[in-house]
Amino acid sequence: MDRRRTLTLAVIGTAAGLFSGLFGVGGGTVIVPLLILWLGFGEREATGTSLAAIVLIAAVAAATQGGYGNVHVQEGLLVGVPAVAGVLAGTWLQQRVPPRAVSLLFAALITVVAIDFLVP
């Protein structure tokens, strides 16, 4: 892997980690768009690569937040365990929907969240 690509991946990872620690987001909302825009990943490859990175990011972020007493393990498990079924369904669906449609849905999601945060 060339040096520029490695540096770009490191910048994306640093941004994702910063957003994860600061806002509790960072995986999909930061990594996927940047992999697509900066490195030319396809939507599906960006999603899969982001999910692989999230494993490490989430583990470190949860442990760090736990150190501050901010983790409710039981509630986290009640959210996380059912999410496995959602991941399987979402991945199945993503493989059957055109990548452009996935990009538009993702853009719509980010737009709705942004508007919700801006308009009280």
Side-chain angles (χ1 to χ4, degrees):
M1 185 178 311
D2 70 66
R3 190 175 179 163
R4 181 178 170 88
R5 188 172 182 86
T6 300
L7 180 61
T8 302
L9 288 167
V11 169
I12 291 170
T14 302
L18 179 67
F19 275 64
S20 181
L22 188 60
F23 304 120
V25 300
T29 56
V30 173
I31 297 173
V32 170
L34 294 181
L35 288 175
I36 293 170
L37 294 172
W38 290 359
L39 294 174
F41 276 58
E43 180 72 36
R44 292 175 180 149
E45 293 78 17
T47 302
T49 303
S50 172
L51 289 170
I54 289 170
V55 172
L56 181 61
I57 295 167
V60 173
T64 303
Q65 290 286 350
Y68 286 102
N70 298 328
V71 176
H72 297 266
V73 174
Q74 186 176 5
E75 285 83 355
L77 290 172
L78 289 173
V79 171
V81 171
V84 172
V87 165
L88 295 173
T91 302
W92 178 86
L93 182 62
Q94 185 199 45
Q95 301 305 307
R96 285 150 182 84
V97 174
R100 180 69 179 147
V102 174
S103 293
L104 292 174
L105 287 171
F106 187 69
L109 173 66
I110 290 175
T111 301
V112 168
V113 171
I115 291 170
D116 188 56
F117 282 167
L118 291 171
V119 179

Do any side-chain atoms of residues 62-81 form donor-acceptor pairs under 3.5 angstrom with protein atoms, and if so which ones, sequence neighbours left out?
{"from": "Thr64", "atom 1": "OG1", "to": "Val60", "atom 2": "O", "distance (Å)": "2.8"}
{"from": "Gln65", "atom 1": "OE1", "to": "Asn70", "atom 2": "ND2", "distance (Å)": "2.8"}

Residue pairs fulfilling side chain to side chain donor-acceptor pair (under 3.5 Å) with at least one residue in residues 77-87, sequence neighbours excluded: none
With side chain to side chain donor-acceptor pair (under 3.5 Å) as the rule and sequence neighbours excluded, what pairs involving residues 80-89 come up? none
Side-chain donor-acceptor pairs under 3.5 Å in residues 5-16, sequence neighbours left out?
{"from": "Thr6", "atom 1": "OG1", "to": "Asp2", "atom 2": "O", "distance (Å)": "3.0"}
{"from": "Thr8", "atom 1": "OG1", "to": "Arg4", "atom 2": "O", "distance (Å)": "2.9"}
{"from": "Thr14", "atom 1": "OG1", "to": "Ala10", "atom 2": "O", "distance (Å)": "2.8"}

For Phe106, check side chain to side chain contact (heavy atoms under 4.5 Å, CB included) against everything at least two apart and list the hits. Pro33, Ile110
What are the two closest non-hydrogen atoms of Ala46 and Ile36, and how far apart are they? CB-CG1, 3.8 Å
By side-chain hydrogen bond (donor to acceptor under 3.5 Å, both in side chains) - contacts of Gln94 (at least two apart): Thr47
Using atom types as modelled, flag every donor-acceptor pair under 3.5 Å from a side chain in residues 97-104 to any protein atom, sequence neighbours excluded.
{"from": "Ser103", "atom 1": "OG", "to": "Glu43", "atom 2": "OE1", "distance (Å)": "2.8"}
{"from": "Ser103", "atom 1": "OG", "to": "Pro99", "atom 2": "O", "distance (Å)": "3.3"}

Looking only at non-hydrogen atoms, find the nearest pair between Ser20 and Ala61 and report the distance. OG-CB, 3.7 Å
Is it true that Trp38 and Leu35 fall in one hydrophobic cluster, defined by side-chain heavy atoms closer than 4.5 Å? yes
Does the side chain of Phe19 reach to within under 4.5 Å of the side chain of Thr29, using non-hydrogen atoms? no
How would you list, by chain and number, every residue that makes a side chain to side chain contact (heavy atoms under 4.5 Å, CB included) with Val87, sequence neighbours excluded? Thr91
Qualifying residues under side chain to side chain contact (heavy atoms under 4.5 Å, CB included), relative to Ala53, sequence neighbours excluded: Ile31, Ile57
Val32, Leu105: one ILVMFWY side-chain cluster at the under-4.5 Å cut-off? no
In this structure, would Leu109 and Val119 fall into the same cluster of hydrophobic residues linked by side-chain contacts under 4.5 Å? no
Restricting to ring pair (Phe, Tyr, Trp, His ring centres under 6.0 Å), what partner residues turn up for Phe117, sequence neighbours left out? none
